[in-house]
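Okay, so here's the structure we're looking at.
Sequential numbering from 1 along the given sequence is applied to the chain's residues. Order of appearance sets the numbers: ligands from 1, and atoms from 1 within every ligand.
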Amino acid sequence: MKTIVVANQKGGIGKTTTATAVASILDSKGYNTLLIDADQQGNSTDTYKAEIEGVCTLYDVLLEEKSDRVSIEEAIQETENGKIVASDPLLRKADEVLNNDVEGLYRLQDALANLKGYDFVVIDTAPSMNSILYNCLIAANEIIIPVTADRYGLQGLSQLHQTIAAIKQRQNKDLKIAGLLLVKYNGRTVLGKEVRESLQKIASDMETKLFETTVRESTKAKEAQAVRKSLIKYAPKSTTAIDYAGFVDELLGGE
Ligand SMILES: Nc1ncnc2c1ncn2[C@@H]1O[C@H](COP(=O)(O)OP(=O)(O)O)[C@@H](O)[C@H]1O
Ligand SMILES: [Mg+2]
């Protein structure tokens, strides 16, 4: 089982779109895939049309009192878009709860250690550096970092890199940044050589690479979120969906 975390502490950069697209493409290729929504805002949960009320969520897996905590299996919902562990607004209590427990950063790793029969776990994360993100990074094998080519798209990457490096050193020595993925790219212009080179430089400073695949911008990506469907199901022929499919091939090819 491979656990892939989609992270970047900037909001609105394309984490949820990437996580839901990658999970549903892997699923459609026949891999048994689980999406985990680790962002309290629940955008992946919403896109997958999963429930939050009256079901077990990531909150029950990670933050509930030990005697009431549930296994990750119990929190999996099967939706028309695929399998998901839903987020919960109560995840906002994470720091308060997890920082008071010496094992608080290892709860997701422990939960996933008991999950059997899955090929991939894809985790969507929140735009914040908190103990839920640390749980995700400690439980992960690989990280995908979506970036955009605009002026602000690269802010905060060095902080993320420092966090990843610290976790690699102490808690998860095999953690790997799979790469930076340029998303929401304006497909009308060919990706400029300078932009690509500067992203490659940033990637190599982070001891990783820039993925060859670039994900173009299309209105279908926004529409898919609005109608609560994974882009791959909503508009499989859109440029964005085609690019994500190419990206997953690149990701798998790197095995
Ligand atoms: N390739 C794309 N083309 C057009 N819009 C996109 C694309 N990727 C993401 N978006 C839109 O950008 C916004 C932010 O994306 P989202 O994936 O929710 O980011 P994050 O999870 O990092 O906050 C959403 O409205 C989403 O629909
Ligand atoms: Mg999001």
Side-chain angles (χ1 to χ4, degrees), residues 4-25 35-50 52 57-58 81-82 84-89 91-92 94 122-130 132-133 136-137 143-157 159-160 177-191 195 199 210-248 250-251:
I4 304 171
V5 169
V6 181
N8 183 329
Q9 74 269 46
K10 202 167 173 315
I13 203 133
K15 289 182 291 298
T16 298
T17 306
T18 300
T20 52
V22 168
S24 55
I25 291 165
L35 177 64
I36 297 179
D37 188 353
D39 180 357
Q40 68 196 46
Q41 289 179 70
N43 294 345
S44 280
T45 300
D46 196 50
T47 300
Y48 263 47
K49 287 199 189 130
I52 294 180
T57 66
L58 192 59
N81 290 291
I84 183 169
V85 172
S87 141
D88 194 315
L91 288 176
R92 68 173 186 281
V122 178
I123 309 180
D124 183 19
T125 63
S128 46
M129 280 286 168
N130 64 10
I132 295 269
L133 181 68
C136 295
L137 295 176
I143 307 158
I144 296 168
I145 304 178
V147 294
T148 54
D150 58 275
R151 207 177 137 144
Y152 304 110
L154 302 166
Q155 273 177 354
L157 282 185
Q159 196 199 354
L160 178 61
I177 305 178
L180 303 188
L181 174 64
L182 181 57
V183 297
K184 294 214 257 186
Y185 192 69
N186 180 336
R188 282 183 295 269
T189 55
V190 180
L191 177 57
V195 178
L199 288 170
L210 174 68
F211 285 109
E212 289 289 325
T213 314
T214 297
V215 177
R216 284 167 289 177
E217 195 172 55
S218 71
T219 49
K220 294 288 177 199
K222 278 205 170 64
E223 284 173 28
Q225 267 195 348
V227 299
R228 302 179 71 195
K229 279 204 164 127
S230 103
L231 171 69
I232 309 311
K233 294 245 156 72
Y234 176 70
K237 298 210 167 79
S238 62
T239 49
T240 309
I242 289 167
D243 292 343
Y244 272 115
F247 168 63
V248 170
E250 184 181 353
L251 188 69

Would you check the N or O atoms of [X], main chain and side chain alike, for any that come under 3.5 Å of an N or O of ligand 1?
{"X": "Thr18", "value": "no"}
{"X": "Thr16", "value": "yes"}
{"X": "Lys15", "value": "yes"}

- Sort by chain and number the protein N/O/S atoms that are closer than 2.8 Å to the Mg ion (ligand 2), and list them. Thr16 OG1
With a 4.5 Å cut-off on side-chain heavy atoms, are [Y] and [X] touching?
{"X": "Ile25", "Y": "Phe247", "result": "no"}
{"X": "Leu231", "Y": "Thr240", "result": "yes"}
{"X": "Asn81", "Y": "Thr47", "result": "no"}
{"X": "Met129", "Y": "Leu160", "result": "yes"}
{"X": "Thr219", "Y": "Glu223", "result": "yes"}
{"X": "Leu199", "Y": "Leu182", "result": "yes"}
{"X": "Leu35", "Y": "Thr20", "result": "yes"}

Using a strict cut-off of 4.0 Å, indicate which atoms of ligand 1 neighbour a heavy atom of [X].
{"X": "Thr240", "value": "1 (N)"}
{"X": "Gly14", "value": "15 (O), 16 (P), 17 (O), 19 (O), 20 (P), 22 (O)"}
{"X": "Gly11", "value": "23 (O)"}
{"X": "Ala221", "value": "2 (C), 3 (N), 4 (C), 5 (N), 6 (C), 7 (C), 27 (O)"}
{"X": "Gln225", "value": "18 (O), 24 (C), 25 (O), 26 (C), 27 (O)"}

- Message: Against Ile36, only a single residue in Thr125, Leu58, Ile84, Val122 fulfils side chain to side chain contact (heavy atoms under 4.5 Å, CB included); can you say which?
- Response: Leu58
- Per the side chain to side chain contact (heavy atoms under 4.5 Å, CB included) rule, which among Val215, Thr214, Leu181 passes with Asp243? Val215
- Spacing of CG belonging to Asn43 relative to OG belonging to Ser87, to within rounding of 0.5 Å: 8.5 Å
- Message: To the nearest 0.5 Å, what is the distance between OG on Ser238 and CD1 on Ile232?
- Response: 7.0 Å
What protein heavy atom sits nearest [atom], and how far off is it?
{"atom": "atom 1 (N) of ligand 1", "answer": "Arg216 O, 3.0 Å"}
{"atom": "atom 23 (O) of ligand 1", "answer": "Gly12 N, 2.7 Å"}
{"atom": "atom 7 (C) of ligand 1", "answer": "Lys184 CG, 3.4 Å"}
{"atom": "atom 9 (C) of ligand 1", "answer": "Thr17 OG1, 3.2 Å"}
{"atom": "atom 3 (N) of ligand 1", "answer": "Ser218 N, 2.9 Å"}

- Message: Whether the Thr16 and Asp124 side chains hold a donor-acceptor pair (N or O, under 3.5 Å, no angle test) is what I'd like checked.
- Response: yes
- Message: Could you check whether any heavy atom of Ile13 sits closer than 4.0 Å to an atom of ligand 1, since that is the contact criterion I want to use?
- Response: yes
- Item | Heavy-atom gap Gln41 to ligand 1 smaller than 4.0 Å | no
- Message: Between Tyr48 and Ser24, is the side-chain contact (heavy atoms from CB on, under 4.5 Å) condition met? List the steps.
- Response: CA-CA 10 Å; Tyr48 263 47; Ser24 55; 3.8 Å; yes
